[in-house]
Amino acid sequence: DVKVTQSSRYLVKRTGEKVFLECVQDMDHENMFWYRQDPGLGLRLIYFSYDVKMKEKGDIPEGYSVSREKKERFSLILESASTNQTSMYLCASGSGLGGELFFGEGSRLTVL
Amino acid sequence: QKEVEQDPGPLSVPEGAIVSLNCTYSNSAFQYFMWYRQYSRKGPELLMYTYSSGNKEDGRFTAQVDKSSKYISLFIRDSQPSDSATYLCATTIQGAQKLVFGQGTRLTINP
């Protein structure tokens, strides 16, 4: 089975803290994505990567950065967490053209 | 205007009913159309995948794309309580894997 693993299911952080969300996939996929999911807004793309050490901004990159040092791992970084970053964060991976993405179970982040 | 519009519901129907879920989109360049299903506290999983216009059937599920009206539909026949989930439509252009999602429709099937 394809597996996308997000290291933390639930996190509570304080405003201003640095937050790392880790994602690992075991299918040798080239493409990896970070989305956030909010009620009424659906999934919005934060950053994506088509290759190691490569990243591209999605639709809402402000306040986030990413790192992809190895093909299987894609990290999302909140340099200074703010309350409006309280959300569900979903990592996904895919192998190429078209739309089949495999998602992790999500990391629910609360920033106080 | 969002690129993909989807009524967020919630939608509640009795077991056995036919369910119709719909999305509209604005970009005529979109070529690939998908439906993802997301159970509570889980990540989305791909349910149906179609390329360009037409219908695709898989068991109780039928996906329909009408590119002339920029309309995407998912039909569920003989709905079951286990179909209760959020359904997200998604689309992308040729040669890309960057998906654009609808807001998701929360569906409940009542026994």
Side-chain angles (χ1 to χ4, degrees), chain A residues 1-10 21 23-25 27 29-51 54-61 74 87-109, chain B residues 1-11 21-27 29-52 56 58 63 65 72 74 85-106:
Chain A
D1 267 356
V2 173
K3 195 141 187 173
V4 178
T5 303
Q6 294 184 231
S7 56
S8 303
R9 293 294 308 276
Y10 301 95
L21 300 179
C23 175
V24 178
Q25 51 98 359
M27 283 300 293
H29 286 161
E30 292 84 9
N31 308 325
M32 296 190 75
F33 304 81
W34 275 106
Y35 289 88
R36 65 177 281 178
Q37 185 174 30
D38 301 288
L41 297 177
L43 272 70
R44 292 180 291 165
L45 182 63
I46 305 171
Y47 267 97
F48 60 104
S49 170
Y50 287 150
D51 202 353
M54 173 273 176
K55 61 187 178 185
E56 286 195 34
K57 293 179 181 179
D59 300 316
I60 52 164
F74 193 35
S87 187
M88 169 70 86
Y89 290 89
L90 288 161
C91 175
S93 72
S95 60
L97 305 179
E100 183 162 19
L101 294 185
F102 296 88
F103 284 85
E105 296 206 317
S107 298
R108 183 165 293 280
L109 171 67
Chain B
Q1 183 193 4
K2 292 184 192 252
E3 285 192 282
V4 179
E5 295 275 3
Q6 182 177 8
D7 186 342
L11 181 62
L21 303 170
N22 307 292
C23 293
T24 58
Y25 63 94
S26 57
N27 187 347
F30 288 141
Q31 294 275 5
Y32 296 87
F33 303 92
M34 290 131 272
W35 286 93
Y36 281 79
R37 178 175 61 194
Q38 184 177 21
Y39 291 117
S40 182
R41 296 188 203 74
K42 298 286 188 181
E45 57 180 351
L46 183 67
L47 183 63
M48 297 288 285
Y49 180 102
T50 54
Y51 172 69
S52 196
K56 184 172 183 178
D58 184 1
V65 177
I72 314 164
L74 177 70
T86 296
Y87 290 79
L88 300 126
C89 62
T91 181
T92 188
I93 63 173
Q94 179 101 16
Q97 206 174 29
K98 182 183 162 187
L99 300 186
V100 180
F101 284 88
Q103 297 96 310
T105 299
R106 189 171 172 186

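Predicted model, so just to flag it, every value in this text is computed and none were measured. The chains referred to below are lettered A, B, ... by the order of the sequence lines, with proteins before strands, and numbering in each begins at 1.
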**Report entry** side-chain contact (heavy atoms from CB on, under 4.5 Å) between B/Y36 and A/L43, intermediate numbers included
**Finding:** CA-CA 11 Å; B/Y36 281 79; A/L43 272 70; over 6 Å; no
**Report entry** Under 4.5 Å from a heavy atom of chain A, the part of B/P44 involved
**Finding:** both
Query raised in the report: Which atoms of A/E56 come close to chain B, meaning under 4.5 Å heavy atom to heavy atom: side chain ones, backbone ones, both, or neither?
Result: neither
Query - Region of A/D59 that comes under 4.5 Å of a non-hydrogen atom in chain B - result: side chain
**Report entry** Flag, side chain of A/R108 to backbone of B/R41, donor-acceptor distance under 3.5 Å
**Finding:** no
Query raised in the report: Does B/K98 reach the side chain of A/Y50, with side-chain heavy atoms less than 4.5 Å apart?
Result: yes
Report summary line: Given A/A92, A/G94, A/G106, the one with more heavy-atom pairs under 4.5 angstrom with chain B than any other is A/G94
Query raised in the report: In Å, rounded to the nearest 0.5 Å, how long is the span from CG of B/L99 to CZ of A/F33?
Result: 6.5 Å
Query raised in the report: So which part of A/L45 gets closer than 4.5 Å to some heavy atom of chain B, the side chain, the backbone, both or neither?
Result: side chain
Query raised in the report: Got a second to check how far B/Q103's CD is from A/R44's CZ, nearest 0.5 Å?
Result: 11.0 Å
**Report entry** Between B/K2, B/Q38, B/Q6, the one whose heavy-atom pairs under 4.5 Å with chain A are most numerous
**Finding:** B/Q38
Query raised in the report: Rounded to the nearest 0.5 Å, how far apart are CG of A/L90 and CZ of B/F101?
Result: 9.0 Å
Query raised in the report: Given a strict heavy-atom distance threshold of 4.5 Å, which part of A/Y10 is in contact with chain B: side chain, backbone, both, or neither?
Result: side chain
